[in-house]
Amino acid sequence: MNGLDRQGDRTLDSEDVESEPAPRSPSSKWTLRSSFVGPQGIRSGWSMLIFTMIVVVEVLITRFPINHLLHSMKHNPSLEAWSPVVAAGILALLVLAATAIMAKIEQRPVLSYGFIDKRRLSRFVLGIAGGVAALSALVLALKMSGWLIFDGRALHGKSAWSYGLQWGVAFLFTALFEESLLRGYLQSTLTRGVGFWWAAVLLSLAFGATHLPNRGESPIGIFSVVAAGLVFCLSLWLTKSLYWAVGLHAGWDWSQSYLYGVADSGQVASGHLFATHPSGGLIWSGGPTGPEGSIYMIPTMAVIAVGVWIAWSRRDPRQEPAAISATSP
């Protein structure tokens, strides 16, 4: 007790309190308001809940008209191929709208959740190139090892260009949707509550969980998705933006689904340039999961992570990533 009493005396002395302790400041008292609002504004847990509720309400409101639109497109031969573009574009728009609403509530720029970067174009282009190159290296390794068989070209002429463009736009929207959702607002907000890397781990696990319902998914495939989420967070930590992550995400998915026609998390896209099929043991070929289900994914993700670190780790240690500095008190 004496040690505690003495510690209290030192605290009072440091605050220049003489005879009687001053009343606690309103900010230190528990109030109903303090349960919702802290020194940095709305507490992170409530912010995430509000954001999630906004997204859910948006989905419920738009679900019927969107499903009707997509159903109509799938029964129109000239529009059917564009239905994935519309679906992915609407999802990205809903998340960006929810982010804009939260930015208004929190009185912050809407781009402050990972999209403020003077080098946005170069990072985005580098990300796309890196995604195509990394997936191509993985496919080449599987092919040379005999775990992936090429069956020839599946598309030619105008159809090849058309599907290439359509899937390119669709996967750009998909990458924008997933990165804005998990590495954008939620990463920035959860960082305020538990710190950047705990937020990165939790949201990367959530990223993997969203792939569990996919038919043909596998444990290695889920591990690969979680690892990819952590690599994207590493790029956010180092570059302070999501442009590279969006680019790599889009380039990787486009190369899988369109360029090489392999399964992407257990799903094979219609309209791909090359026809391929896995051969041999599932742990090596990835089987129905695709290359992401192959053990080869582990060194592939490790190489990407090392490359990200080498490229951007030399920065001023006093500068914090956008997801942290933008939310510091």
Side-chain angles (χ1 to χ4, degrees), residues 70 73-92 125 127-178 210-211 213-218 220-222 224-225 228 246-280 282 284-294 296-297 300-301 304:
L70 295 177
M73 293 182 69
K74 289 181 179 181
H75 287 79
N76 188 327
S78 61
L79 297 176
E80 181 180 6
W82 288 95
S83 59
V85 177
V86 174
I90 291 173
L91 287 175
V125 172
I128 291 178
V132 175
L135 194 281
S136 296
L138 176 60
V139 166
L140 178 62
L142 292 171
K143 181 179 183 300
M144 293 181 66
S145 302
W147 306 119
L148 182 66
I149 307 300
F150 274 70
D151 301 316
R153 286 278 294 269
L155 293 174
H156 300 270
K158 184 179 179 180
S159 295
W161 290 102
S162 178
Y163 274 106
L165 175 62
Q166 291 162 0
W167 282 120
V169 177
F171 286 122
L172 176 58
F173 283 143
T174 299
L176 184 61
F177 159 64
E178 293 185 346
T210 62
H211 290 69
N214 292 349
R215 297 181 63 182
E217 191 57 274
S218 66
I220 295 179
I222 297 298
S224 300
V225 173
V246 171
L248 186 131
H249 196 153
W252 178 279
D253 285 352
W254 181 83
S255 299
Q256 278 194 118
S257 298
Y258 169 73
L259 185 58
Y260 297 113
V262 295
D264 180 357
S265 295
Q267 300 178 357
V268 179
S270 59
H272 41 80
L273 186 62
F274 287 101
T276 59
H277 69 270
S279 175
L282 299 183
W284 300 104
S285 67
T289 303
E292 291 181 0
S294 168
Y296 282 34
M297 268 295 293
T300 300
M301 295 309 301
I304 295 174

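Every residue two or more places apart in sequence or in another chain that forms a side-chain contact (heavy atoms from CB on, under 4.5 Å) with Pro84 is listed here: Trp167, Ala170. In this structure His211 satisfies the ring pair (Phe, Tyr, Trp, His ring centres under 6.0 Å) test together with Phe207, sequence neighbours excluded. Partners of Trp252 according to the ring pair (Phe, Tyr, Trp, His ring centres under 6.0 Å) rule, which considers only residues two or more places apart in sequence or in another chain, do not exist here.
Between Pro291 and Gln256, the closest side-chain pair of non-hydrogen atoms falls below 4.5 Å. Within the 4.5 Å cutoff, side-chain heavy atoms of Val86 are placed close to those of Leu70. Thr276 places none of its side-chain heavy atoms less than 4.5 Å from the side chain of Ile149. Contact check for Leu172 versus Val246: side-chain heavy atoms found under the 4.5 Å cut-off. In this structure, Ser294 and Leu142 have side chains that are in contact, with non-hydrogen atoms separated by less than 4.5 Å. Here the side chains of Leu138 and Met297 are in contact, with some heavy-atom distance below 4.5 Å. In this structure, the side chains of Leu282 and Pro288 come closer than 4.5 Å at one or more pairs of heavy atoms.
Note that CH2 of Trp161 and CG of Leu155 are 12.5 Å apart. Values are rounded to the nearest 0.5 Å. With rounding to the nearest 0.5 Å, the separation of CG in Asp253 from CG in Leu135 is 8.5 Å. Interatomic distance, CG of Leu165 versus CH2 of Trp254, reported as 10.5 Å (0.5 Å rounding). In this structure, the separation between OH on Tyr296 and OG on Ser285 is 10.0 Å, given to the nearest 0.5 Å. Note that CG of Leu273 and OG of Ser159 are 11.0 Å apart. Values are rounded to the nearest 0.5 Å. Separation of atoms OH (Tyr260) and NZ (Lys143) is listed at 11.0 Å; rounding is to 0.5 Å.
For Ser162 and Gln166, the side-chain atoms include at least one donor-acceptor pair closer than 3.5 Å. Neither side chain, Tyr163 nor Ser270, offers a donor N or O lying under 3.5 Å from an acceptor on the other.
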* Let me see the working for Leu148 and Val262 under side-chain contact (heavy atoms from CB on, under 4.5 Å), right down to the final yes or no. => CA-CA 9 Å; Leu148 182 66; Val262 295; 4.1 Å; yes
* Asked: When you look at Ser265 and Glu292, which way does the side-chain contact (heavy atoms from CB on, under 4.5 Å) test go after all the steps?
  -> CA-CA 7 Å; Ser265 295; Glu292 291 181 0; 3.1 Å; yes
* Verdict with supporting geometry, Gln267 and Asn214, side-chain contact (heavy atoms from CB on, under 4.5 Å) -> CA-CA 7 Å; Gln267 300 178 357; Asn214 292 349; 3.3 Å; yes
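Minimum interatomic distance between Leu176 and Ala92 (heavy atoms only, all atoms of both residues): CD2-CB, 4.4 Å. The two residues Ser279 and Gly146 come nearest to each other via the heavy atoms CB-O, 3.8 Å. Taking both residues in full, the closest heavy atoms of Ala175 and Ala250 are given as CB-N, 3.7 Å, listed atom of the first, atom of the second, then distance. Closest approach of Ile304 and Ala134 over heavy atoms only: CD1-CB, 3.8 Å.
Using cut-offs of 30° and 60° on the angle between ring planes, the pair Phe150 and Phe274 is perpendicular. Using cut-offs of 30° and 60° on the angle between ring planes, the pair Trp147 and Trp284 is parallel.
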